[in-house]
Amino acid sequence: MIHNPLGRTGRNVSVIGLGTWQLGADWGDVSEDDAREVIRTSLDAGVTLIDTADVYGDGRSEAIIGAVLAERPDHGVTVATKMGRRMAQEPENYTPANFRAWTDRSRRSLRTDTLDLVQLHCPPTAVIESDATYDALDALVADGTIAAYGVSVETCAQALAVIARPNVTNIQIILNPFRLKPLDEVLPAAERAGVAVFARVPLASGLLSGKYTAATTFAADDHRSYNRHGEAFDKGETFSGVDYEVGLRAVAELSAAVPMGLTLPAAALAWVASRPGVTSVIPGARSVTQAQKNAVAGELVGQADLTVFEDVVVDVYDRLLRADIHPQW
């Protein structure tokens with residue numbers, strides 16, 4: 001597993017990490033035993049970055065991670081959690097007192113005195129642009145509550161605003177074959193600034209697994225059912241904002257371009273991970289098999305010839321997706 005520097009922290013993290021939204025809620029039911037095995041399997045495969053949030057299952061995801069890592073005192077894992085969605089996402093709620101309350105809760109859940117990395121969880125643009133936001137985060141670093149901080153963003157404009165802040169460790173942004181806009185300015189800017197980039201939703205909520213069809217249905221408590229058009233939160237978080245039927249057409253074309261011996265999800269993960277400026281890709285996994293396959297994709301970075309696949313990614317994006325997707329995020 002390749003490891004990359006986590007900004008200026010002195011830490012290194014695996015090029016394939018583990019996203020754990022699905023271990024909390026919003027993707028259908030995952031038992032606690034299965035969730036623990038997903039984490040253990042990922043660690044055994046060389047994953048050293050776990051991304052979570054305090055609202056994933058109202059702390060369930062964090063608590064499970066904390067329990068598994070307690071089994072391995074010398075785990076060497078960086079846990080990146082997120083905060084800011086426990087209250088309405090309104091600028092007046094992003095206060096030093098709330099930051100402290102949220103991080104204290106995460107410290108208890110993750111069983112640690114100092115959180116490795118805390119990211120604001122897709123906050124409003126006004127929060128991203130406020131000096132007071134970073135003053136409050138700097139104070140948490142100064143007193144040892146957190147070791148470093150970053151911001152998870154929805155748009156490229158937000159990402160560029162965050163990258164300009166001197167003490168930011170990372171940004172987290174949606175990047176996959178259906179969302180190419182970050183390649184234009186965000187990744188080069190982050191690389192110049194020494195800011196790490198976590199690529200989230202790398203398989204477009206499973207669309208890029210290649211296993212879904214027009215007849216596929218999802219559970220009522222799965223965001224792929226209840227947020228398909230942005231009914232609950234930013235629609236870009238579900239299928240990357242791509243119309244489901246259009247996404248299926250795009251998947252069919254991409255599948256035909258996958259190098260022999262690879263699967264579409266492996267090719268997609270390896271392609272995203274190999275983009276200059278990407279530090280880690282954080283796919284989710286609901287099963288041990290998915291966790292194993294995600295980690296194996298890390299071995300393809302720099303090894304597999306994805307030239308033809310990349311050409312098709314760009315072509316499909318330009319023909320089927322750019323006009324609708326590029327202006328939005």
Side-chain angles (χ1 to χ4, degrees), residues 4 15-17 19 122 151-163 170-193 195-210 212 230 234-259 262-284 297 300-302 304-329:
N4 291 320
V15 71
I16 300 293
C122 298
V151 184
S152 183
V153 301
E154 296 289 5
T155 71
C156 289
Q158 290 175 337
L160 293 170
V162 172
I163 290 167
N170 81 302
I171 61 163
Q172 185 178 139
I173 193 167
I174 295 175
L175 174 61
N176 61 51
F178 292 169
R179 290 280 288 272
L180 300 189
K181 190 174 181 178
L183 302 180
D184 295 346
E185 296 182 71
V186 171
L187 293 188
E191 196 169 24
R192 289 193 299 269
V195 172
V197 175
F198 297 170
R200 76 171 187 278
V201 198
L203 296 179
S205 305
L207 253 182
L208 286 163
S209 70
Y212 299 155
D234 191 294
K235 69 178 182 179
E237 299 287 345
T238 301
F239 298 132
S240 299
V242 172
D243 175 81
Y244 187 73
E245 297 297 331
V246 175
L248 291 177
R249 289 172 54 200
V251 164
E253 294 194 36
L254 292 174
S255 295
V258 172
L262 300 186
T263 64
L264 175 59
L269 291 175
W271 181 79
V272 174
S274 64
R275 297 308 89 198
V278 170
T279 304
S280 187
V281 183
I282 48 174
L300 302 176
V301 179
D305 185 356
L306 298 173
T307 305
V308 173
F309 182 74
E310 179 174 352
D311 290 343
V312 175
V313 166
V314 174
D315 176 63
V316 167
Y317 184 79
D318 286 346
R319 286 189 293 106
L320 300 181
L321 305 172
R322 178 181 287 271
D324 184 47
I325 298 300
H326 220 71
Q328 294 194 65
W329 295 282

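Quick note: numbers below take in every heavy atom, side chains included, and nothing from hydrogens, waters or symmetry partners. Values in this document were obtained by computation on a predicted structure and should not be read as measured data.
- Under the side-chain contact (heavy atoms from CB on, under 4.5 Å) rule, N4 has a single partner from V278, V301, V15, which is V15.
- Here the side chain of T279 pairs a donor or acceptor atom with the backbone of V197 at under 3.5 angstrom.
- For the atom pair CD (Q158) and CH2 (W329), the distance works out to 12.5 Å, reported to the nearest 0.5 Å.
- Here R319 contributes atom CZ and R249 contributes atom CZ; the two are 8.0 Å apart, rounded to the nearest 0.5 Å.
- Closest of all the heavy-atom pairs between A267 and V258 is CB-CG1, 4.2 Å.
- Between the CD atom in Q172 and the SG atom in C122 there is a gap of 7.0 Å [rounded to 0.5 Å].
- Under the 4.5 Å side-chain criterion, counting only non-hydrogen atoms from C-beta, C156 is in contact with I173.
- Residue D318 forms a side-chain contact (heavy atoms from CB on, under 4.5 Å) with just one option from V314, V316, D315, and that option is V314.
- Looking at N170 and S152, their side chains never come closer than 4.5 Å, going by heavy atoms from C-beta outward.
- The main-chain N or O of V201 is found under 3.5 Å from a side-chain atom of N176 such that the two form a donor-acceptor pair.
- The shortest side-chain heavy-atom distance between L207 and L248 falls under the 4.5 Å cut-off.
- Contact check for W271 versus V313: side-chain heavy atoms found under the 4.5 Å cut-off.
- Scanning all heavy atoms of the two residues, the minimum distance from A304 to L262 falls at CB-CD1, 4.1 Å.
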Discussion item. Before you tell me yes or no, could you show the steps for R275 and E310 under salt bridge (charged side-chain N to carboxylate O under 4.0 Å, His left out), namely the whole-Å CA-CA distance, both residues' side-chain angles and the distance that decides it to 0.1 Å?
Written reply: CA-CA 11 Å; R275 297 308 89 198; E310 179 174 352; 3.3 Å; yes
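- The shortest heavy-atom contact between F178 and S240 is CB-CB, 4.3 Å.
- Pairing each heavy atom of A266 with each of A297, the nearest pair is O-CB, 4.0 Å.
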Discussion item. Would L160 and V186 count as a side chain to side chain contact (heavy atoms under 4.5 Å, CB included) here? Give the steps.
Written reply: CA-CA 6 Å; L160 293 170; V186 171; 4.3 Å; yes
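- Within the model, atoms CZ of F309 and CG of L264 stand 5.5 Å from one another, a figure rounded to the nearest 0.5 Å.
- What you find for P327 and R322 is that their closest heavy atoms are CD-O, 3.5 Å.
- Residue I174 holds its CD1 atom at 13.0 Å from NZ of K181, rounded to the nearest 0.5 Å.
- For Q328, the CD atom counts as densely surrounded, since its 6.0 Å shell holds more than 12 non-hydrogen atoms of other residues, nucleotides or ligands.
- Contact of the L175 side chain with the L183 side chain is registered, since non-hydrogen atoms from C-beta on lie closer than 4.5 Å.
- Contact annotation: the side chain of L203 never approaches that of S209 to less than 4.5 Å [non-hydrogen atoms, C-beta and beyond].
- V308 is not listed as a side-chain neighbour of P259, based on a closest heavy-atom distance of 4.5 Å or more.
- Across all non-hydrogen atoms, the minimal contact from V312 to E253 is CG1-O, 3.9 Å.
- Expressed to the nearest 0.5 Å, how far CD1 of I16 lies from CG of L300 amounts to 8.5 Å.
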